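In this chain, residues are counted from 1 in sequence order. These figures come from a predicted structure and were not determined experimentally.
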Amino acid sequence: MTVYRIPNCDTVKKALTWLKANHIDFDVHDFKKLGVSSKKLKEWNKKAGYEKFLNKKSSVWKDVDERVKESIVTADAAFPLLQEKTSIIKRPVIEDGKFLFFGFDEQAYKEHFLK
């Protein structure tokens, strides 16, 4: 299982605390250090749709030029921005086999990990 994260994100901290408390092993992929590949974004888009992980509530999104925001109407248009500004990706991203989840939701985690 891989947890994609940014270290200083409070939501990521909650998720990691929950995973550790429930003795769930995971690998970490740090967006700030390692970025995210277009291949990975395409994979997530195919499974969930880019709208699910493009976090339009983030402070980084709020600072994006309005013309750029308006131009993002397809996954292909969103990917360069997601790669340039990885803080716009909703986090954490949890990949565990076919399970793909964006953000922290204790109930969803319980249903997947503690079944």
Colleague: Are S87 and K32 close enough that a side-chain donor and a side-chain acceptor fall under 3.5 Å?
Modeller: yes
Colleague: Is the number of heavy atoms from other residues, nucleotides or ligands under 6.0 Å of K14 NZ greater than 12?
Modeller: no
Colleague: Give the C-alpha distance, both sets of side-chain angles, the deciding distance and a yes or no for ring-ring contact (aromatic ring centres under 6.0 Å, His included) between W44 and Y4.
Modeller: CA-CA 12 Å; W44 293 345; Y4 294 81; 5.1 Å; yes
Colleague: Is there a donor-acceptor pair under 3.5 Å between the side chain of K69 and the backbone N or O of K56?
Modeller: no
Colleague: Let's go through N55 and I89 carefully: what are the C-alpha distance in whole Å and the side-chain angles of both, what is the deciding distance for side chain to side chain contact (heavy atoms under 4.5 Å, CB included) to 0.1 Å, and is it a yes or a no?
Modeller: CA-CA 6 Å; N55 186 359; I89 299 172; over 6 Å; no
Colleague: Assess whether salt bridge (charged side-chain N to carboxylate O under 4.0 Å, His left out) is satisfied between K110 and E106, documenting all intermediate values.
Modeller: CA-CA 6 Å; K110 283 180 183 177; E106 186 172 1; 3.7 Å; yes
Colleague: Show the numbers, then the answer: is there a ring-ring contact (aromatic ring centres under 6.0 Å, His included) between Y109 and W18?
Modeller: CA-CA 9 Å; Y109 283 25; W18 189 92; 5.5 Å; yes
Colleague: I'd like to know if the side chain of D96 reaches the main chain of F99, judged simply by a donor and an acceptor atom lying under 3.5 Å from each other, with no hydrogens or angles considered.
Modeller: no
Colleague: Between K40 and E95, is the closest basic N to carboxylate O distance under 4.0 Å?
Modeller: yes
Colleague: Quick one, L19 and M1 - any side-chain contact, counting heavy atoms below 4.5 Å?
Modeller: yes
Colleague: Using side-chain heavy atoms (C-beta onward) and a distance below 4.5 Å, is R5 in contact with V28?
Modeller: yes
Colleague: Is any NZ, NE, NH1 or NH2 atom of the basic residue among E43 and K47 found under 4.0 Å from an Asp or Glu carboxylate oxygen of the other?
Modeller: yes
Colleague: Decide, yes or no, whether a salt bridge links E111 with K115 under the criterion of side-chain N to carboxylate O below 4.0 Å.
Modeller: no
Colleague: Decide, yes or no, whether a salt bridge links E70 with R67 under the criterion of side-chain N to carboxylate O below 4.0 Å.
Modeller: no
Colleague: Looking at D25, I'd like to know if its CG atom is crowded, meaning that more than 12 non-hydrogen atoms belonging to other residues, nucleotides or ligands lie closer than 6.0 Å.
Modeller: no
Colleague: Find out whether H29 and V3 are in side-chain contact, i.e. whether some heavy atom of one side chain is under 4.5 Å from a heavy atom of the other.
Modeller: no
Colleague: Are any side-chain N or O atoms of N22 and backbone N or O atoms of I24, one a donor and one an acceptor, separated by less than 3.5 Å?
Modeller: no
